[in-house]
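Written below as structure tokens is the structure these notes are about.
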Protein chains: 2
Amino acid sequence: MSTPTVYDVANHAGVSIATVSRVYRNPDTVRAETRDRVLAAARTLGYVPSGNARGLASRATGVLGLCFPDNLQYDEHREETQELGHEAHHDEADLMIYSDEVIRGMERAARERGYGLLIAATVAGDPASTVADVAGRVDGVAVLAGTVSTAELEVISRRLPVVMLAGPRENPALDHLDHVEVANFDGQLAMTRHLIVDHGLTKLAFVGGPPNSPDGEARFRGFQAAHLEAGLDIPAEPRIRAGLTTSSGRHAIGELLATLPERPQAVMFANDQMAVGALPELEHRGLRVPADIAVTGFDDISVSRLVRPALTTVRQPMQELGRHAVDLLLARVADRDRAPVSRLLQVSMVRRASCGCRVSHDHQPLNGS
Amino acid sequence: MSTPTVYDVANHAGVSIATVSRVYRNPDTVRAETRDRVLAAARTLGYVPSGNARGLASRATGVLGLCFPDNLQYDEHREETQELGHEAHHDEADLMIYSDEVIRGMERAARERGYGLLIAATVAGDPASTVADVAGRVDGVAVLAGTVSTAELEVISRRLPVVMLAGPRENPALDHLDHVEVANFDGQLAMTRHLIVDHGLTKLAFVGGPPNSPDGEARFRGFQAAHLEAGLDIPAEPRIRAGLTTSSGRHAIGELLATLPERPQAVMFANDQMAVGALPELEHRGLRVPADIAVTGFDDISVSRLVRPALTTVRQPMQELGRHAVDLLLARVADRDRAPVSRLLQVSMVRRASCGCRVSHDHQPLNGS
DNA sequence: GGTGTGAATGTATGCGCTTACATCACGAGC
DNA sequence: GCTCGTGATGTAAGCGCATACATTCACACC
């Protein structure tokens, strides 16, 4: 009646439970005829091995974990945008594109290596229990920066491998985790330099993310560095901080134009979502992009090449983050004592129309059709 | 040295393992002072309860599963688009937006109910083992239609609750699963009727998905039904079948115009991704949307309101699919013997510019700023 | 002072599997 | 004919926890 176990299968097939287990773990140590008998019994009984029991006995779960922030709370404009119909819904979705990509990359890599993926968003609220919850179920866990404090992660990392994604090792003495980082600084530096040097723009405004976003802060430092390099005044803070969402990008435009004595020649957004949200608002205000004002983003999400003008941005390998997470996790499963490593993933500039590099858009016609 | 267990914590705190367990399961049955002692010991030892052991002992994992297709293989144009730089990457991402939304909805709902989420993509290859793998680790599993055969699911459903997402109950005698469906037929019927009745268009072309996509097929039947209703010739098959991706949507345009004697007045795509890919290609060929040719999609992914012209489409509640999955799963966990249920989620038409309902785009200016 | 009562804690068992070790059958080699 | 190796299978001991049940203790009550 209830869920069948190895014992039921063993009885039904006339073998011992060890043989049943071997059929699933080491099929080639079992005589072919016996194996078939066991599998037949399993099929007729509807037997499915218990992952829990297996995990307990073999002290490995075959599952990796990923904690990411579900940071709706950052978007202070959510309420206001309800009048736009499904806008709020979309906004929510937009914000998550980044996590989605990391999840997908990690799921694929995990599956290729024979692992499952347990995902858990952590809302800013009860962080400790959530991550401990997944920690108890997996062989290793990746954590997107900003989700859980490094101190907590250190505790958890005593039990299993932990890798921090998109976050720097702030204090080498306290932080013995593996890290995967993205060259945010370099990317924003190059992009800012591009605007200054190649397009001759000097009045640039940076729209940042919330202060607790390591990505956003690193990008701003790249923005500053380009100013230093070019001998321009170095802004101490992002001109505006916004919620990294489409709607907050749109709202940032109003705030920008209202508070600035002089219109900037370019607005550099900390991510693509905001830039994408800003474009229609600029259009509505009669500002032509890039003629009147250039716009750039960061990430290269798929929307960015579909909007008009197509968005100039810095492409970061979001799925690769997930892949590297799996790689580092399994390397550490194999050797718990290896020295902590940091991997830095490179980014690349994608010049499209919104900075002035292409005339209208970047649609490439199909060959010969 | 190695991972601490209840025994270690019990020793360290001077209590029995039962008390340690109670501190985590039923904190209020333990004296406050004792509880603190145990928690202190746990903290200094770096104790994290083993999900496996807990699951084994309590016969429940606290985790739900979701299987979804990772169907890159459908996109026959992937190779050709490499010359477009990151196009292939984007295409891949595009295709997954739907799954991503379902995952997100399910993750949120699961978390709210105190469950974790184990996700596993199933490539068309070794389906059985993958889904059995997750089945062994979870308290219930949701499966996106097209991922696993109903027969296999029936076997698995003898062990744990299974719900099928976005797929109809084809044979009530063989299929005792719970289902969550979306009103694809109704949505496409309404949209097609809209083009015929409100816009006076009669020459419509439908670009479908692969034949094994239940969503795509149901939408095509809605398309047919609208023709029947209007007394128009009823097409027996979608004019073209494509891969549901942005690039396959673009390619569909060429194929459409090349094979059709007369240009259709409207192209209705089985999903938004394809429609979004088609827009720049139409533009490139000098066809104005919607003046020369109307375009519609299905899903209402977030890009659809950002492209120009903004896409008229049918909105389906993708996240809701995930939420309902959790709901049905937990209801069946509570009562294994309840009758199989099917939930039908409603869709809604979103009229934007690409069908001719709005002049240029649907950007709503901000109030008073 | 004996007894009943309830709260706090301990004891002991089993969840379903993996795996080291034991056993067994069967030939090969001497 | 006996030993020994080898492949196939069985035996039994946990893995780390939850929980039924037993025990202890303090206290109230008659």
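We use all heavy atoms of the structure for the numbers below, so side chains are in, but hydrogens, waters and symmetry mates are not. Note that the structure is a prediction, hence the values are computed from the model and not measured.
In this structure, CG of B:L56 is placed 13 Å from P of D:dC15, rounded to the nearest angstrom. In this structure, the CG atom of B:D28 is 13 Å from the P atom of C:dT9, given to the nearest Å. In this structure, B:D36 atom CG and C:dA8 atom P are separated by 14 Å, rounded to whole Å. Between the P atom of D:dG7 and the CD atom of A:E33 lies a distance of 19 Å, rounded to the nearest Å. Rounded to a whole Å, the CG atom of A:N11 is 11 Å from the P atom of D:dG10. Across the protein-nucleic acid pair, B:L160 atom CG and C:dG16 atom C1' stand 15 Å apart, rounded to whole Å.
Of the possible polar contacts, one joining the A:D8 side chain to the A:T5 backbone as a donor-acceptor pair under 3.5 Å is found. Put simply, the side chain of B:H176 never gets that close to the backbone of B:E154: no donor and acceptor are under 3.5 Å apart. Formation of a donor-acceptor pair under 3.5 Å by the A:R338 side chain with backbone atoms of A:R336 is not found in this model.
A side chain to side chain contact (heavy atoms under 4.5 Å, CB included) with A:L39 is found for exactly one of A:T44, A:V20, A:T34, A:V23, namely A:V23. Each of A:E101, A:E107, A:E112 was evaluated against A:R323; a single residue qualifies, A:E112, per the salt bridge (Lys or Arg N to Asp or Glu O under 4.0 Å) test.
Using a 4.0 Å cut-off between a side-chain N of Lys or Arg and a carboxylate O of Asp or Glu, B:R113 and B:D327 qualify as a salt bridge.
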Tabulate atom names and distances for all N/O pairs under 3.5 angstrom spanning the protein and nucleotides 17-23 of chain D.
from   : atom 1 : to    : atom 2 : distance (Å)
D:dC17 : OP1    : B:Y47 : OH     : 2.6
D:dC17 : OP1    : B:S50 : N      : 3.1
D:dC17 : OP2    : B:V6  : N      : 2.4
D:dC17 : N4     : B:Y7  : OH     : 3.1
D:dA18 : OP1    : B:R25 : NE     : 2.4
D:dA18 : OP2    : B:S21 : OG     : 2.2
D:dA18 : O5'    : B:S21 : OG     : 3.4

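Across the interface with DNA chain C, nearest-nucleotide mapping of B:R59 and B:R35 shows B:R35 to be the residue nearer the 5′ end.
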